[in-house]
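Structure, as C-alpha cells:
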Number of protein chains: 2
Amino acid sequence: MEQVVKKIDKKTLILDTTLELLSENGFHGTPISLIAENAGIGAGTIYRYFKNKEELINVLFIEIQRRIIKAMYCNYNEAAPYQERFKVLWINMINYYRKHPKDLIFIEQHRYAPYVSTLTRSESMRIISPVLLFFLEGKKKRFIKHLPLYTIIGLIYGPIVTIVKLNLDHNRVTTDDQIFHAEQACWDAVKYNDTKLEENIK
Amino acid sequence: MEQVVKKIDKKTLILDTTLELLSENGFHGTPISLIAENAGIGAGTIYRYFKNKEELINVLFIEIQRRIIKAMYCNYNEAAPYQERFKVLWINMINYYRKHPKDLIFIEQHRYAPYVSTLTRSESMRIISPVLLFFLEGKKKRFIKHLPLYTIIGLIYGPIVTIVKLNLDHNRVTTDDQIFHAEQACWDAVKYNDTKLEENIK
DNA sequence: TGTCTCGGAATGAACGTTCATTCCGTTTTG
DNA sequence: CAAAACGGAATGAACGTTCATTCCGAGACA
C-alpha cells in the first residue's frame with residue numbers, strides 16, 4: 001500500500017520539477033540530469049516512471065490539459081443561461097492561466113512541438129471535448145454563430161493566451177478590468193447576430 | 001558587386017533550408033549538419049553568415065515577421081474606410097499563412113521559445129508597429145473598442161493562427177468561406193459598440 | 001524480539017551518440 | 001597571386017539512456 005503512495009508521489013515530484021524547469025528553459029535547455037538534480041533524485045529513477053524524455057513531456061502535457069479543464073468547470077452551473085455559462089468557462093480558464101503562468105508557457109511552447117505525439121494530440125482533444133460540446137450546443141441553439149469549431153476556438157482561446165502572455169512578457173499584472181472587457185469582446189465575436197437586426201440598426 | 005549578390009543568395013539559401021527543416025522537425029530535430037547537407041553546402045559555411053545556431057533562428061524569425069507585414073500591406077489603401085482597411089489587413093495576413101504554412105509553424109513554434117532573444121522580441125515589436133498604430137487609430141477614432149493593445153491583438157491574431165493551424169493538423173483546406181465569416185467575427189469582437197445602442201435593441 | 005533473506009526501488013557513473021563549433025587545406029574570386 | 005570563401009573532417013562538450021550495484025523495508029524464521 002505504502003509503496004503505491006510513494007510511487008505516485010515521486011511521479012508527481014518529477015512532473016512538477018519538469019514543468020518548473022521546462023517553462024523556464026525549454027526542452028533542450030533542461031537535461032534529464034537537471035530535472036533529477038532539482039527533484040533530489042537520481043537520473044535513472046526518472047526512467048522507472050517514464051520510458052524516455054519524450055514520454056515525460058507528453059504525460060505532463062496531458063496532465064496540465066486535465067487541470068485546466070477541471071478548473072474551467074469549477075462553479076459551472078449546467079442550468080444557467082448559455083451566455084452565463086460561457087462567461088464562467090472563459091473567466092475560469094483565463095484565471096487558471098493567471099494563477100499558473102508556467103502551465104501557460106509550457107502548453108503554448110509544446111502545442112506545436114514535433115515531439116508531442118499524435119496520440120497525445122487526440123487524447124488532448126478527448127479531454128477538451130466537453131468544451132467542444134458546449135460550443136456545438138451553442139451553435140445548434142443559435143446562441144452563437146454558425147462557425148467551424150476551430151474558428152470558434154480561435155476566437156475564444158486566442159485572446160486568453162495572448163493577453164496573459166503579453167502581460168507576463170512585459171511584467172505587467174493582468175487586471176480584472178482587462179479580463180472583464182476581454183470576455184465581453186470574445187462574446188461579441190461569437191454571439192449570434194441576426195443579420196436583419198443589424199440592418200435595422202443602420 | 002557579385003560578391004554581395006552571392007553572399008545574399010547563400011544567406012537566403014541557408015535561411016530557406018532552415019525554415020523548411022525547422023518547421024518539420026523543430027529546433028533540436030534539425031542539426032546544423034542537416035541544414036548544411038540540404039542546402040548543399042559545408043557546415044562551416046553557415047558560420048560565415050551566422051554567429052551560431054541561435055542567431056540563425058533569430059534572424060529567420062525577424063525575416064519572416066517582415067515578410068508577413070509586407071504581405072499585409074499589399075493593396076492596402078490608406079484612404080479607405082477603417083473597417084475596409086481592417087478587412088484587407090486581416091485577410092492578407094491569413095492568406096499569407098495559408099500560402100506559407102511553414103512560416104506559421106515556425107513562428108508559432110518559436111514565439112515563446114527561450115532562445116528567441118529579447119532583442120529579437122523588441123525588433124519584432126518594431127516591425128509590427130504599423131499594425132499597432134492602426135489599432136491605436138481605431139481606438140482613438142472610436143472605430144474599435146477601447147481595449148488594451150494586447151487584448152486587441154489576441155482577439156484578432158489568435159483566430160488566424162488557430163484556424164489555419166487546426167486545418168493543417170487535420171489535413172483540411174481552409175476555405176474562403178471560413179475566412180469570410182471569421183473575419184466578420186473578428187470585426188464583431190473589436191468593433192466599437194455604443195452600449196446605449198445595444199440597450200435600445202432589446 | 002532480533003536476525004536473516006529477499007525483491008524491487010533507487011542510484012549515478014559510464015557509455016555511446018549527437019551536435020554545435022572550429023580549424024585548416026582547397027577552391028574561387030578579382 | 002593575394003585574399004576571401006568554402007567544405008567538411010576533427011573536436012570536445014553535452015546529453016539521453018543504461019545497468020551493475022546499493023539501499024531499504026517487509027516478511028520469514030527461530
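Letters A, B, ... mirror the listed sequences (proteins, then strands); counts begin at 1.
Rounded to a whole Å, the CZ atom of B/R48 is 8 Å from the C1' atom of D/dC6. In this entry the distance linking CD1 of B/I46 with P of C/dC19 reads 14 Å, nearest Å. The distance between atom NZ of A/K10 and atom P of D/dC24, rounded to the nearest whole Å, is 11 Å.
Judged as a salt bridge (charged side-chain N to carboxylate O under 4.0 Å, His left out), and not counting sequence neighbours, the contacts of A/D176 are A/R98. Partners of A/Y157 under the ring pair (Phe, Tyr, Trp, His ring centres under 6.0 Å) rule, at least two apart in sequence or in another chain, do not exist in this structure. Residues satisfying the salt bridge (charged side-chain N to carboxylate O under 4.0 Å, His left out) criterion with A/R121, sequence neighbours excluded, are absent altogether. Every residue was checked against the ring pair (Phe, Tyr, Trp, His ring centres under 6.0 Å) condition with B/Y97, not counting sequence neighbours, and none meets it. In this view, A/E108 and A/R111 satisfy the salt bridge (charged side-chain N to carboxylate O under 4.0 Å, His left out) rule, not counting sequence neighbours. In terms of the salt bridge (charged side-chain N to carboxylate O under 4.0 Å, His left out) criterion, residue partners of A/E24 (sequence neighbours excluded) are, by chain and number, A/K102.
Comparing C/dC19, D/dT17, D/dC15 by their nearest atom to the side chain of A/Y47 picks out D/dT17.
You'll find the side chain of A/F180 reaches within 4.5 Å of the side chain of A/Q184, heavy atoms only. Side chains of A/I14 and A/T18 form a contact here, defined as non-hydrogen atoms less than 4.5 Å apart.
Judged by distance alone, the side chains of A/H170 and B/Y150 do bring a donor and an acceptor atom under 3.5 Å apart. Checking A/Y47 against A/N52 by side-chain atom types alone, no donor-acceptor pair falls below 3.5 Å.
At least one side-chain nitrogen or oxygen of A/Y49 sits closer than 4.0 Å to the OP1 or OP2 atom of C/dA10.
Taken residue by residue, residues 50-58 of chain B places heavy atoms nearer than 4.0 Å to DNA chain C at B/N52, B/K53. Residues of residues 33-41 of chain B having a heavy atom closer than 4.0 Å to DNA chain C: none are found.
Take the nearest nucleotide of DNA chain D for A/T30 and for A/T45: the residue whose nucleotide is more 5' is A/T30.
More than 12 heavy atoms of other residues, nucleotides or ligands shown are found within 6.0 angstrom of CG on B/N77.
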Short heteroatom pairs, N/O only, protein and nucleotides 24-26 of chain C, under 3.5 Å:
none

Measure all distances between protein nitrogen or oxygen atoms and nitrogen or oxygen atoms of nucleotides 20-23 of chain D, and list the pairs falling under 3.5 Å.
none

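Listed by first and then second residue, the salt bridge (charged side-chain N to carboxylate O under 4.0 Å, His left out) pairs that reach into residues 147-170 of chain A are A/K165-A/D169, sequence neighbours excluded. A ring-ring contact (aromatic ring centres under 6.0 Å, His included) check over residues 51-72 of chain B, counting only residues at least two apart or in different chains, returns nothing.
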